[in-house]
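Let me begin by presenting the structure, written as structure tokens, before commenting on it.
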Amino acid sequence: MSEISSERRSFKNAGFASGGGDYTDLDSLLHAFEGASQVLIVSSNVLGDEAVRQHRTAIDMAKEAGAGRILYTSHMSSSPASLFPPAVDHAATEDALQASGIPFTSLRNGYYTASLPWFIRDALKTGELVAPEDGPVAWTTHADLAEATASVLIEQHLSGLTPSLTASEALDLKDIAAILTELTGRSIRRVVVSDDAFRARLLAQGLQDHMADMFLTFFLASRAGEFSPADPTLGRLIGRSPVSVREFLTSSPHLL
């Protein structure tokens, strides 16, 4: 799931840091950030204490390099009490940003639409979207978020913790099954199973225990409403309506 696996990059073009910075190599980070007025830190592809350590290191090196502003790709559910483990890491990183003394913007991105194919792939084969009880999710595309990030970098608006940067609607898996039925002309039925039954299903498909547990946290968090608030801020930043789930699926015929 792309939500759990994010890229590591930095930019140095027109005052933005770029280059071969590595979270585990302090000198490389200093070199990458040298001369940058703004640094964009994209969250690490690890989890837990190690992710927070890496983010803190990047923040410290940006400060040492003299950056005047740090941007960080956070998440709409960022909270120390979140049921979604990456969101706990994001909250700890936001604490580190606030403690750094450097002006910052923490981009609280919506839940990535790029994760959606994982949820629907079996449904398109079997006609049944089988998963535990879920809640509405404001599915949001990487492309829209990238456009918004560029806007925030260039215009230098939005500071501190941003509102949730999401698409305009929040849909649950029953809603998505209905959209799939309409787009494919085949009946896609939403089937709710227990968390334990779904975990067993994942293990039977070859997932390791820790990955199966991680996937289950999506359902725990979505049921608690962590991914549901749809906010207009993203649309204002990009000057148009964000891409909807229907538009995403329609423009991805290889998925259908």
Side-chain angles (χ1 to χ4, degrees), residues 2-19 21-26 28-30 32-34 36-80 82 84-112 114 140-166 226-227 231 233-234 237-238:
S2 61
E3 204 64 44
I4 300 169
S5 144
S6 24
E7 301 172 52
R8 293 179 298 176
R9 17 183 139 98
S10 50
F11 300 72
K12 185 179 181 184
N13 184 10
F16 311 142
S18 80
D22 187 313
Y23 278 135
T24 62
D25 185 338
L26 273 63
S28 76
L29 289 174
L30 276 174
F33 297 158
E34 182 183 1
S37 59
Q38 299 186 81
V39 171
L40 171 61
I41 299 173
V42 177
S43 55
S44 174
N45 60 355
V46 298
L47 293 171
D49 291 343
E50 179 59 23
V52 178
R53 277 195 295 271
Q54 291 185 4
H55 298 159
R56 284 176 176 157
T57 297
I59 293 166
D60 290 344
M61 293 304 98
K63 183 175 183 177
E64 186 169 335
R69 183 183 185 218
I70 297 174
L71 290 87
Y72 170 72
T73 58
S74 185
H75 195 269
M76 66 184 298
S77 62
S78 175
S79 167
S82 175
F84 186 58
V88 177
D89 301 342
H90 289 307
T93 301
E94 289 175 344
D95 286 345
L97 286 166
Q98 292 178 3
S100 71
I102 301 177
F104 74 92
T105 300
S106 187
L107 301 158
R108 288 188 156 182
N109 292 338
Y111 201 96
Y112 298 137
T140 311
T141 66
H142 278 85
D144 284 348
L145 292 167
E147 189 174 335
T149 299
S151 172
V152 174
L153 280 165
I154 294 168
E155 300 296 333
Q156 299 192 29
H157 45 45
L158 289 187
S159 61
L161 308 178
T162 70
S164 297
L165 303 177
T166 72
E226 292 192 26
F227 309 139
D231 189 279
T233 301
L234 176 60
L237 288 172
I238 63 179

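Please read all numbers here as calculations on a predicted model, not as lab measurements. Hydrogens, waters and symmetry mates are skipped; everything else that's a heavy atom, side chains included, is used.
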Can you sort out the partners of T149 under side-chain contact (heavy atoms from CB on, under 4.5 Å), two or more places apart, ordered by chain and number?
L40, L107, L153
Hey, could you give me the [atom1]/[atom2] distance between [X] and [Y], rounded to the nearest 0.5 Å?
X: Q98; Y: S100; atom1: CD; atom2: OG; answer: 9.0 Å
X: F84; Y: Y111; atom1: CZ; atom2: OH; answer: 4.5 Å
X: Q38; Y: I154; atom1: CD; atom2: CD1; answer: 9.5 Å

Mind listing the closest non-hydrogen atom pair of [X] and [Y] along with its distance?
X: S74; Y: E94; answer: OG-OE2, 2.8 Å
X: T140; Y: T166; answer: OG1-CA, 3.3 Å
X: I41; Y: A58; answer: CD1-CB, 3.7 Å
X: S82; Y: S77; answer: CB-O, 3.6 Å
X: A148; Y: L234; answer: CB-CD1, 3.4 Å

Going by salt bridge (Lys or Arg N to Asp or Glu O under 4.0 Å), name the pairs with one or both residues in residues 144-159, residues two or more places apart or in two chains.
D144-R240, E147-R240
Are the side chains of E64 and M61 in touch, meaning some heavy atoms are under 4.5 Å apart?
yes
Answer whether the closest heavy-atom distance between the side chains of I70 and L97 falls below 4.5 Å.
yes
List the steps and the verdict of side-chain hydrogen bond (donor to acceptor under 3.5 Å, both in side chains) for Q54 and E50.
CA-CA 6 Å; Q54 291 185 4; E50 179 59 23; 3.0 Å; yes
For residues 158-165, tabulate all N or O donor-acceptor pairs below 3.5 Å that involve a side-chain atom, not counting sequence neighbours.
unit_1 : atom_1 : unit_2 : atom_2 : d
T162   : OG1    : S106   : O      : 3.2
T162   : OG1    : R108   : N      : 3.0

Is there a side-chain contact (heavy atoms from CB on, under 4.5 Å) between I59 and T93 once you walk through the steps?
CA-CA 9 Å; I59 293 166; T93 301; 4.2 Å; yes
Please list all pairs meeting ring-ring contact (aromatic ring centres under 6.0 Å, His included) that have one or both residues in residues 52-73, counting only residues at least two apart or in different chains.
Y23-H55, H55-Y72, Y72-H90
Tell me if a side-chain donor or acceptor on T73 pairs with a main-chain N or O of S43 at a distance below 3.5 Å.
yes
As a quick check of understanding, evaluate side-chain contact (heavy atoms from CB on, under 4.5 Å) for V152 and L71, giving each step before the final call.
CA-CA 9 Å; V152 174; L71 290 87; 3.6 Å; yes
Quick one, S151 with H157, criterion side-chain hydrogen bond (donor to acceptor under 3.5 Å, both in side chains). Give me CA distance, side-chain angles, the key distance, then yes/no.
CA-CA 8 Å; S151 172; H157 45 45; 3.3 Å; yes
Can you sort out the partners of F104 under ring-ring contact (aromatic ring centres under 6.0 Å, His included), two or more places apart, ordered by chain and number?
none
Excluding sequence neighbours, so at least two apart, what forms side-chain hydrogen bond (donor to acceptor under 3.5 Å, both in side chains) with D89?
none
As a quick check of understanding, evaluate side-chain hydrogen bond (donor to acceptor under 3.5 Å, both in side chains) for R69 and T105, giving each step before the final call.
CA-CA 8 Å; R69 183 183 185 218; T105 300; 3.0 Å; yes
